[in-house]
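Lettering of chains follows the sequences in order, A, B, ..., and the numbering in each one begins at 1.
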4 protein chains.
Amino acid sequence: MESIHQNTDAPASATFLNLPEEKQQRVYQAALDEFSAHGFGSASSNRIARALGIAKGSLFQYFGNKERLFHYVFDRVAGQFAEPLRSVRDATRDEPLGQRIREALLTVSAFLEAHPEVYRLYTRMLFQESFPLRETLLSRVRSLSTKYWRSLVEDAKARGELRPDVDMEAAVFFLDALMDRFFQARTLPYMDTGFGLHDDARLDACIDALVSCIERGLIAPC
Amino acid sequence: MESIHQNTDAPASATFLNLPEEKQQRVYQAALDEFSAHGFGSASSNRIARALGIAKGSLFQYFGNKERLFHYVFDRVAGQFAEPLRSVRDATRDEPLGQRIREALLTVSAFLEAHPEVYRLYTRMLFQESFPLRETLLSRVRSLSTKYWRSLVEDAKARGELRPDVDMEAAVFFLDALMDRFFQARTLPYMDTGFGLHDDARLDACIDALVSCIERGLIAPC
Amino acid sequence: MESIHQNTDAPASATFLNLPEEKQQRVYQAALDEFSAHGFGSASSNRIARALGIAKGSLFQYFGNKERLFHYVFDRVAGQFAEPLRSVRDATRDEPLGQRIREALLTVSAFLEAHPEVYRLYTRMLFQESFPLRETLLSRVRSLSTKYWRSLVEDAKARGELRPDVDMEAAVFFLDALMDRFFQARTLPYMDTGFGLHDDARLDACIDALVSCIERGLIAPC
Amino acid sequence: MESIHQNTDAPASATFLNLPEEKQQRVYQAALDEFSAHGFGSASSNRIARALGIAKGSLFQYFGNKERLFHYVFDRVAGQFAEPLRSVRDATRDEPLGQRIREALLTVSAFLEAHPEVYRLYTRMLFQESFPLRETLLSRVRSLSTKYWRSLVEDAKARGELRPDVDMEAAVFFLDALMDRFFQARTLPYMDTGFGLHDDARLDACIDALVSCIERGLIAPC
DNA sequence: TATGAATGAGCCTTCATTCAT
DNA sequence: CATGAATGAAGGCTCATTCAT
């Protein structure tokens, strides 16, 4: 039920929500670009307005202040993350763990390529000491990913694919860590340690090698 | 011979280098604190000078500008990272891979606990889009870590510990990714997916579980 | 006949005057609250509109600009002042001067208590250097009070109550000054010099003591 | 004992205090002019800087923020008030009450004529609802005046000049009220009810008439 | 007629940097 | 060489006012 009173938690004002969808989209994109390029503290409302060709004051009419504008952008970003994860999970429900990981990597890779600023904003925020609502916003995104890997691991366990002595929480952490870094390496060349992930031609081979490490580890069985 | 032109490669001026070691150290620490707390763009030279109780002008006499001050700080930080890695590598030369990983995790954990700002600065910079000399500075640090894991993997391979079909570069990437995230989880609670790494009491158990994943992977051998 | 040019003498537009009485009253009250709380310069049309839940544009349609809105409010305020003064003057017509003063103090005290923003707006404007129509508006209010005391003094003179050598204008000034301060002290605690006027329990005693000073002065007759 | 640490209560920074006395004076005067003309909220730091022909930033280097600049100005103003009151009290110690009042009025009149902005600032602040440190600052000034009149009244009582039944606190309030309004009328024409106080030629006559009201009251002795 | 999006001037404040002393 | 006063650009934000719908 919609309340008559303004929801003060809602980052965007009614004024903004009444704008034509297309203008909302432009504002969102300009703000996302700015925040993903400069972080929260160094982002400039002035620059955003200039890039949009609108008056400074309008931005503040839409969002009240920089913090709420950021909040709005981050909310939409978090929403965009959820989509591809959900779809790939459902689409691969009946496949073995290794294959599910493979497909997740490919799906999310494609998403990141299409929305590089989205991922840049996320990683940036991860290590930005202080920005508004840090805890709330980050744990929301983190839990998306954690839940995803946990569901995969549990499915695998239920099907008896897992080594019986494997610690479930360790496995979730292990997958989350590898995937996170996989995406970082796809986005930032120097995170790639010479592996070659950023080279699209080698992507499949890299994924195979990595999944092999995940599946069977590094050490020779005696 | 001193050139009339500022040597852009040397962040610190002769003036600064002639200062008593102890004052250099204080300046370094104050700047590190500021940069690690606020990043590059939002760090304030004013605040650094105020914290040190010296004139703002002095900072600029020492380093010319904020960028070179940052450069100087990051250089020293990178140096500090190298130390514990080198020492733990040498100290564990003859042990099996799993054990070497275990000890690396413990050693670096201890280092991070002692120098939280050092690690904070590093992670911050990792994802800060634009700061001076980004490429140069980051690849220097990254390669420290990469080299470390590569040497471990190569030693293990030479000793026949590794699964014979394992891709060496994949293994390096794999270890680098896990370790990086391990340290992040130790520092930032919400990076720890529920695994429990930030809880000192469970640290040993967690490390064992994680190393087990690294050694033998997730999938049951048929 | 409506002129094309805005009639600068009439603060409120026909549009406003055609509004239901009750809405006019709400607008007046909201504007009075804002002006009495923030003065003219720092009052915010935005805030008034927000408090009323009407569009900012409407306020400007009603009054053209902030200045005329203020003018309108002050006009009504001045009108409200006149009422209690008139009624207490008429009601005490036949009593001696001291008693008339006593009753005036009580009547106006009651009025101020009921309409604190009215008095706050007045005192505020008294010393606000620059606001539109300052001279016009203030002299209108001032003359209300002056006329009131003059009529009291003249009545007393006609009845032979006054010291024969008393300067009439001095007496008017004298009473106006005391009364003004009396009301200030009732409203603002630190205007009360320790006398105790803001303490309702002591009000009667204070008034008696003060009226005694007014009637017979401070100095012992020789 | 002077502390090494900056007294954070001190409105002016060391930077400002190190300025040549003459420049400090110019800054003080410009700020006083601005605050007395516009009050606290509507005063503009920009305007002050422009009037001084200095950079905006300098003002903030001197005082940190607008509030502390205001505080500084008000402090100096309060100090200036104290001076003439003290000197006239001491100079008239042995004279009868009426004469002491007469001389106080003349002395303070002269002071106000020389420093109109000082008095304007004071009256402005009296009725300005909200400005920083309102309570502290105003009660400091108020008590100057209250103390002055109380000492006069007590001296008169001790010498047997007073009507024996006069309430001491009422007398203090009575004098404070009359004097305050006297000065207002000297400064703001429309506070002068037609008495003529703003006309320098009539000043002496007005004072005599007013002091006569104070001494013997309005009512004929029976 | 009421609306409310748009505007740009102006506000307070912080900053990196310069330079005379 | 250290100092710290001076600077002006830029930042976030609020405001009165306009005008198309």
In terms of relative ring orientation, are D:F16 and D:F63 parallel, tilted or perpendicular, with 30° and 60° separating the classes?
tilted
Starting at the 5' end of DNA chain E and moving along, which residue's nearest nucleotide shows up first, C:G53 or D:A43?
C:G53
First and last nucleotide of DNA chain E in contact with chain B, 5' to 3', at under 4.0 Å to a heavy atom: what are they?
E:dC15 to E:dT18
If you compare all heavy atoms of A:Q24 against all heavy atoms of A:L17, which two are closest, and at what distance to 0.1 Å?
NE2-O, 2.9 Å
Any donor-acceptor N or O pair under 3.5 Å, side chains B:H38, B:E34
yes
Find the distance B:K56:NZ to F:dT7:C1' and express it as a whole number of Å.
10 Å
Take atom CG of D:L59 and atom C1' of F:dT7, then tell me their distance rounded to the nearest Å.
13 Å
Give none if E:dC19 has no partner; otherwise give the nucleotide forming a Watson-Crick or G-U wobble pair with it, both distances under 3.5 Å.
F:dG4
Assert: residue with more 5' nearest nucleotide on DNA chain F, out of B:K23 and A:F60, is B:K23
Decide whether a cation-pi geometry holds between A:R76 and A:Y28; the criteria are a distance under 6.0 Å from NZ or CZ to the six-membered ring centre and an angle within 45° of the ring axis.
yes
Both C:A55 and B:G57 contact DNA chain E. Which one's nearest nucleotide lies toward the 5' end?
C:A55
What pair of heavy atoms forms the shortest contact from A:L59 to A:A49, and how long is it?
CD2-N, 3.9 Å
Residue pair C:Y72 / C:R68, side-chain donor-acceptor N/O under 3.5 Å:
no
Spacing of A:Y62 atom OH relative to F:dG12 atom P, expressed in whole Å:
17 Å
